2 protein chains.
Amino acid sequence: MDILEIESTIQRFAIFAQLDRQAIADVARSSKPRCILRGQAAFDQGEQANAIFLVLNGRFKAIQMDPDGSQIVTRLAGAGDLIGHLSAFNETPYPVTAVAILDGEILAWGRRTFVDLLLRHPQLSLALIRYMGLSIEEAHKRLHEATNEHVERRIAHAILRLVRQGGRPVEGGIEIPFPITRQDIGLMSGTTLQTVSRTLSAWQKNGIVDGGRQHLVLRDPHAIVAIAEEQ
Amino acid sequence: MDILEIESTIQRFAIFAQLDRQAIADVARSSKPRCILRGQAAFDQGEQANAIFLVLNGRFKAIQMDPDGSQIVTRLAGAGDLIGHLSAFNETPYPVTAVAILDGEILAWGRRTFVDLLLRHPQLSLALIRYMGLSIEEAHKRLHEATNEHVERRIAHAILRLVRQGGRPVEGGIEIPFPITRQDIGLMSGTTLQTVSRTLSAWQKNGIVDGGRQHLVLRDPHAIVAIAEEQ
DNA sequence: CGTGGAGTTGAGTAACTTCAAGGATCGTGG
DNA sequence: CCACGATCCTTGAAGTTACTCAACTCCACG
């Protein structure tokens with residue numbers, strides 16, 4: 001991807017949309033593009049956070065692991081999402097490992113470089129603040145779900161999140177167009193892969209979803225919304 | 001509180017610490033101080049977010065409530081903490097109700113006013129970005145705990161958070177110097193007041209904690225850390 | 001002195017997890 | 001092209017944690 005492509009790509013993303021031509025050029029010029037193959041990590045949990053990344057395309061999952069081995073998926077990131085921004089500015093280690101679940105391209109900035117961009121372009125800071133505000137609200141919503149809702153509802157929420165982050169309409173439903181395992185869904189909804197499997201099997205019997213290995217299609221999205229919202 | 005007091009107070013808070021004299025004056029001048037009595041709310045969930053607040057003193061709890069009545073406490077806020085910042089910049093409704101659990105003073109800025117401050121003082125934006133990054137990490141940590149740890153451990157974590165946010169050393173332990181109910185602790189650790197009561201009763205028998213109605217003293221903080229970290 | 005918020009404690013139970021074992025699907029190398 | 005290993009998925013049965021329901025006590029405050 002050359003610099004002009006980068007400019008025209010990033011100016012479409014919410015975080016950069018308010019910047020003028022010159023600012024976009026400044027931002028683009030100081031970035032380094034990088035390809036990440038499926039299965040590779042953009043960075044690893046615990047590593048010193050020297051860079052911040054923007055996803056240009058592809059799909060990443062952020063996995064957080066405890067010393068005792070337990071994990072959760074804190075978020076998925078697609079085109080236009082930042083990753084690594086939490087720790088980069090506080091100079092703390094990355095709190096998650098960001099694994100590509102599809103081949104993809106990202107843009108990297110050094111920590112110091114990005115801080116300078118923020119100081120030079122207040123509109124960029126403001127956009128980042130808005131972006132992070134939404135992340136916190138999302139995290140709190142998940143926390144609420146995790147502590148007050150039963151599994152089936154949590155799984156429904158997790159799947160609706162997948163849809164919002166990149167569901168593709170196909171004939172007879174909505175497809176999740178990237179590989180996702182029962183394990184992943186479990187880590188996103190706070191349950192085990194077995195429970196996810198049982199739940200999806202039941203839904204499949206009712207014609208609500210469809211799909212096989214690492215693949216999911218919502219046949220009746222409305223039914224899933226209903227499950228997510230039932231008392 | 002007059003303007004000079006405000007200036008000298010806020011410059012000690014992390015979010016404003018990097019600002020020069022002039023910037024501090026600018027920030028202070030555009031703020032409106034306000035007193036909140038115990039039990040009152042600085043703002044209510046669902047209300048249009050027209051203002052952002054800084055806690056000068058006192059203590060607030062942020063409660064999030066579902067349509068079905070279930071609640072969680074997303075955070076406690078003390079001197080130096082911002083409240084209302086999540087939604088104010090995105091012009092979404094407040095996602096929580098911020099209730100004072102002690103009489104306190106806060107500083108208020110209108111949404112537009114604070115955005116202008118951010119645009120005028122890039123260092124303020126940067127500090128806010130750092131602050132929000134820490135909030136997200138904290139939320140993700142709680143999410144991890146909520147889904148992978150058993151109640152006793154979660155309660156221990158919740159209490160350690162209380163200590164970090166304002167524990168006061170007293171003879172024979174550490175005191176939580178603001179009123180906190182079993183219900184609150186339950187809402188902070190994702191369990192019921194009954195389970196909290198049982199757990200604290202057991203701990204009290206072992207001499208780990210002490211306290212009565214809305215009151216808590218850690219007699220053996222080390223033991224609580226051990227519980228929070230045991231496998 | 002009465003009322004309501006806060007806390008305690010017991011018993012029963014539901015919802016998930018854990019353990020277990022087998023089946024399906026993918027990719028890879030002979 | 002087929003065999004094999006690795007990953008992913010399914011389903012059953014047993015076990016457990018912590019929630020729910022319920023009754024009772026204690027205090028603070030008007």
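By convention in this document, chain letters (A, B, ...) are assigned in the order of the sequence lines, proteins followed by strands, and residues within each chain are numbered from 1. Just so it is clear, the model here is predicted, and its values are computed rather than measured.
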Participant: Between B/R153 and B/E145, does any side-chain N to carboxylate O distance fall below 4.0 Å?
Facilitator: no
Participant: Taking NZ, NE, NH1 and NH2 as the nitrogens, is one of them in B/R75 or B/E138 under 4.0 Å from a carboxylate oxygen of the other?
Facilitator: no
Participant: Determine yes or no for a side-chain-to-main-chain donor-acceptor pair under 3.5 angstrom, with A/D66 supplying the side chain and A/G69 the backbone.
Facilitator: no
Participant: Could you run down nucleotides 7-13 of chain C 5' to 3' and tag each one B, S or - for protein heavy-atom contact under 4.0 Å?
Facilitator: SBBBB--
Participant: Side-chain contact test, heavy atoms from C-beta onward, threshold under 4.5 Å: evaluate it for A/I159 versus A/L200 and give yes or no.
Facilitator: yes
Participant: Would you mind reading off the bend of the helix from C/dC1-D/dG30 to C/dG30-D/dC1 from its two end axes, five pairs each, to 10 degrees?
Facilitator: 40°
Participant: Do you know which of A/D81, A/L82, A/L56 makes side chain to side chain contact (heavy atoms under 4.5 Å, CB included) with A/F13?
Facilitator: A/L56
Participant: Just checking, is any N or O donor in the side chain of B/D210 or B/Q204 under 3.5 Å from an acceptor N or O on the other one?
Facilitator: yes
Participant: Quick check, are the ring centers of A/F43 and A/F53 under 6.0 angstrom apart?
Facilitator: yes
Participant: Would you sort out whether A/S189 and A/H157 count as a side chain to side chain contact (heavy atoms under 4.5 Å, CB included), showing the intermediate values?
Facilitator: CA-CA 8 Å; A/S189 53; A/H157 277 295; over 6 Å; no
Participant: Do A/F114 and A/H85 pass the ring-ring contact (aromatic ring centres under 6.0 Å, His included) test, and can you show the C-alpha distance, the side-chain angles, and the key distance before you say yes or no?
Facilitator: CA-CA 10 Å; A/F114 203 87; A/H85 56 299; 9.2 Å; no
Participant: Run the side chain to side chain contact (heavy atoms under 4.5 Å, CB included) test on B/I72 and B/M65 for me, step by step, so that the C-alpha distance in whole Å, both residues' side-chain angles and the decisive distance to 0.1 Å come before the verdict.
Facilitator: CA-CA 7 Å; B/I72 64 166; B/M65 184 177 277; over 6 Å; no
Participant: For DNA chain D, which residues of residues 144-152 of chain A approach it to below 4.0 angstrom with any heavy atom?
Facilitator: none
Participant: I need the CZ-P distance between A/R38 and D/dT7, as an integer number of Å.
Facilitator: 13 Å
Participant: Just the rounded figure in Å: distance from C1' of D/dC8 to CD1 of A/I101.
Facilitator: 15 Å
